[in-house]
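Side chains are part of it too, since the values below use all heavy atoms of this structure and drop only hydrogens, waters and symmetry mates. Position 1 is the first residue of the sequence, and the numbers go up from there. Treat the numbers as computed from the prediction; the structure is a model and nothing was measured. Read the numbers this way: they start at 1 and go in the same order the structure lists the ligands and their atoms.
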Amino acid sequence: MSDDSITSILKEDRVFNPTAEFSSDAHVKSLKEYKKIYKKSIEHPEKFWAEKAKQLHWFKKWHTILRNDHGFFKWFEGGELNISYNCLDRHVNAGKGNKLALIWEAEDGEVKRYTYSELLAEVCKFSNVLKGHGLKRGDRVCIYMPMVPELAIAMLACARIGAIHSIVFGGFSSDSLKDRIDDCEAKLVITADGTFRAGKIIPLKVNVDLAIKKNKSVEKVVVVKRCKNKVTMKKKRDLWWHDEISKDNIEDTCPAESMHSEDSLFILYTSGTTGKPKGVLHTQAGYLLYVYQTFKWVFDAKDNDVYWCTADIGWITGHSYIVYGPLANSSTTLMFEGVPTYPSPDRFWKIVEKHKVSVFYTAPTAVRALMRLGDEWPKKCNLKSLRLLGTVGEPINPEAWIWYHKIIGKEKCPIVDTWWQTETGGIMITPLPGATPTKPGSATLPFPGIVPAILKEDGSEAKANEGGNLVIKKPWPGMLRTVWGDPQRYKETYFGKYEHIYLAGDSARYDRDGYFWVMGRNDDVIKVSGHRIGTAEVESHLVSYKDVAEAAVVPIPHKIKGWSIYAFVTLKKGTKGTEKTRKNIVAHVAKEMGHIAKPERIQFTDFLPKTRSGKIMRRILKAIAEGKKDVGNTTTLADPSVVPRLIKGRIK
Ligand code: 7RM
């Protein structure tokens, strides 16, 4: 069987068109219009982006749109602007000061609301606090915080004075925090006494204390009081946020620094396949332009929208699509501190009802988890305000897509399945909701200005359905500029395989309509008897079996086939992992995908090892499946205790 015939078996050919009602009101109204925009955007990319850039506020106009400086790309050189000014002052000056900028819902249901004027004042106050402690352009500030409004305020304040923020997800341990603070030599750390998660208090300040015990660069630590958790405050070093912003000399205005287009904006650490996390660097103008334009078209930004992205700001999705993208578009963005199922399984849907959320953006893993809890929970809530749904972070299996479409979207909301990465800054492959017919499981077509391709190992272009490495052939404004402190690693990791072409690290294919199907990271591809099989696809076929809720697949070495498939499977409530169930599942996969995709082994489990952002850590599953005693670093797991339990249940 050739690779081509394997992938064609996986073809999902249901097509869903946006409703006429949605399209008629959308920014981009038809596939024809999209194609016209796309064609122009790649024929004259510089002209396309420069035109969009005019919608932002510039202190000084650029002289060069794009320059390739020995493999390092520069956008809008000569120009000066400020992202905090563009997200706040610009709208206040345009008379939108009383519009809601930020809605925050705490885990216990408390709600805080900030208008654009109020948010601007808070950001200015904290900017003045930072300046008062000697922070200036180019200094690094590490932010290690829960999902509280002060997190967004801190980011915007750093951006306002030209300091570079490096946010570390609150779910990381002190060790990971230490590595990141040390790598970027942060001068100041912002944290909180703790946070709430499913009713429990999670301490954060103690992790900071541990992380900076031997550190030489950190001069001050600012602490937000969130839960009255007892913390030790080190004299002269540690400061309370509320004390600092209420000092007499702290004014609520602060001029925004005029930043050069290519000045650094933020560092965000991301794990690669090997080695320590890379500090992905994004810069001012290109990043702002890219998140501004993608947010506007992908989420079809409307003035009266209430937009909710359920990610944590500690990840790129939160940076780009909770804070910068929505605020650059003067949208109302909702921020939620808690988890989807606390105190009850309908928490997400209750929030949608309460705040009349119109655009909802979440991860497939959340969709699957909520699907597993049963339809009665969303059905009890009024979801009429929803008009657009989105997913991000991993491929979505068609079953979850259809559930999302039917039960949450009531068959009227388009679903945007958005493919992108920390490194890309913003959304790259995605439907435009009023224009693109969608196919469940496909991220569909490139955003205007983006030129993706599928390359084979020898650098030649793959044919339709053949599969290969997902690459981006032309630079785009939101791309990473370098790896902090390691430009060589930037070149090797992203431009080392194919000359002048960005390597995403994902394998993907496009179908005969030119739709992209991302199969997952390259390390998640399993070669069984020489055939190329995406674990994501096997998983999709596993979860399409009626009793399966979630599945993760890893390769294990096989004497004859080279590699074979080991599946971790979570069953739906009320079903048992009997031998009969196992046989039925194997038969189902064989039927749906082909015999070569049959799992060699199935381990039934009630839990999968997930990061706090909900990504299944296949690296750990792979080690478990292979029978390794040492499964590697488990500190990024939401619940590391699942590991020994999984090891116990291993099928030999
Ligand atoms: C936004 C984000 C990046 C990796 C990427 C892919 C996977 C993301 C999708 C997806 C299939 C999608 N940034 N990925 N979105 N795979 N369909 N719509 O997640 O840097 O944390 O991860 O996530 O493998 O390379 S990230």
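Interface atoms of ligand 1 facing Thr422, defined by a heavy-atom separation under 4.0 Å, are 13 (N), 20 (O), 21 (O), 26 (S). Residue Asp417 has at least one heavy-atom neighbour below 4.0 Å for each of these atoms of ligand 1: 12 (C), 17 (N), 18 (N). For ligand 1 and Val518, the ligand atoms under 4.0 Å from any heavy atom of the residue are 11 (C), 16 (N). Under a 4.0 Å criterion applied to the non-hydrogen atoms of Val392, ligand 1 contributes the atoms 1 (C). Close contacts between ligand 1 and Ile316 involve ligand atoms 13 (N) [criterion: under 4.0 Å to a heavy atom]. For ligand 1, the atoms closer than 4.0 angstrom to any heavy atom of Thr418 are 9 (C), 12 (C), 15 (N), 18 (N). If you number the atoms of ligand 1 from 1 as listed, the ones under 4.0 Å from a heavy atom of Asp506 come out as 5 (C), 6 (C), 24 (O), 25 (O).
Under 4.0 Å from ligand 1, the heavy atoms of Thr317 that appear belong solely to its side chain. By the criterion of a heavy-atom distance under 4.0 Å, neither the backbone nor the side chain of Ala443 is placed next to ligand 1.
The distance criterion of under 3.5 Å between nitrogen or oxygen atoms is met by Gly393 with respect to ligand 1.
Of the residues Ile624, Leu621, Val554, the one that meets the side-chain contact (heavy atoms from CB on, under 4.5 Å) test with Tyr566 is Val554.
Judged purely by distance below 3.5 Å, without hydrogens or angles, the side chains of Asn86 and Tyr292 never pair a donor atom with an acceptor atom. No hydrogens or angles considered: nothing links the side chains of Arg619 and Asn633 as a donor-acceptor pair under 3.5 Å.
The local environment of CD in Glu411 is crowded, with over 12 non-hydrogen atoms from other residues, nucleotides or ligands closer than 6.0 Å.
When all heavy atoms are compared, the tightest approach of Pro414 to Leu388 is O-CD1, 3.5 Å.
Under the 30°/60° scheme for interplanar angles, the aromatic rings of Phe16 and Trp401 are found to be tilted. In this structure, Phe266 and Tyr287 have perpendicular ring planes: the angle between them is above 60°, well past the 30° mark.
When the heavy atoms of Gln421, Lys615, His319 are ranked by distance to atom 21 (O) of ligand 1, first place goes to Lys615.
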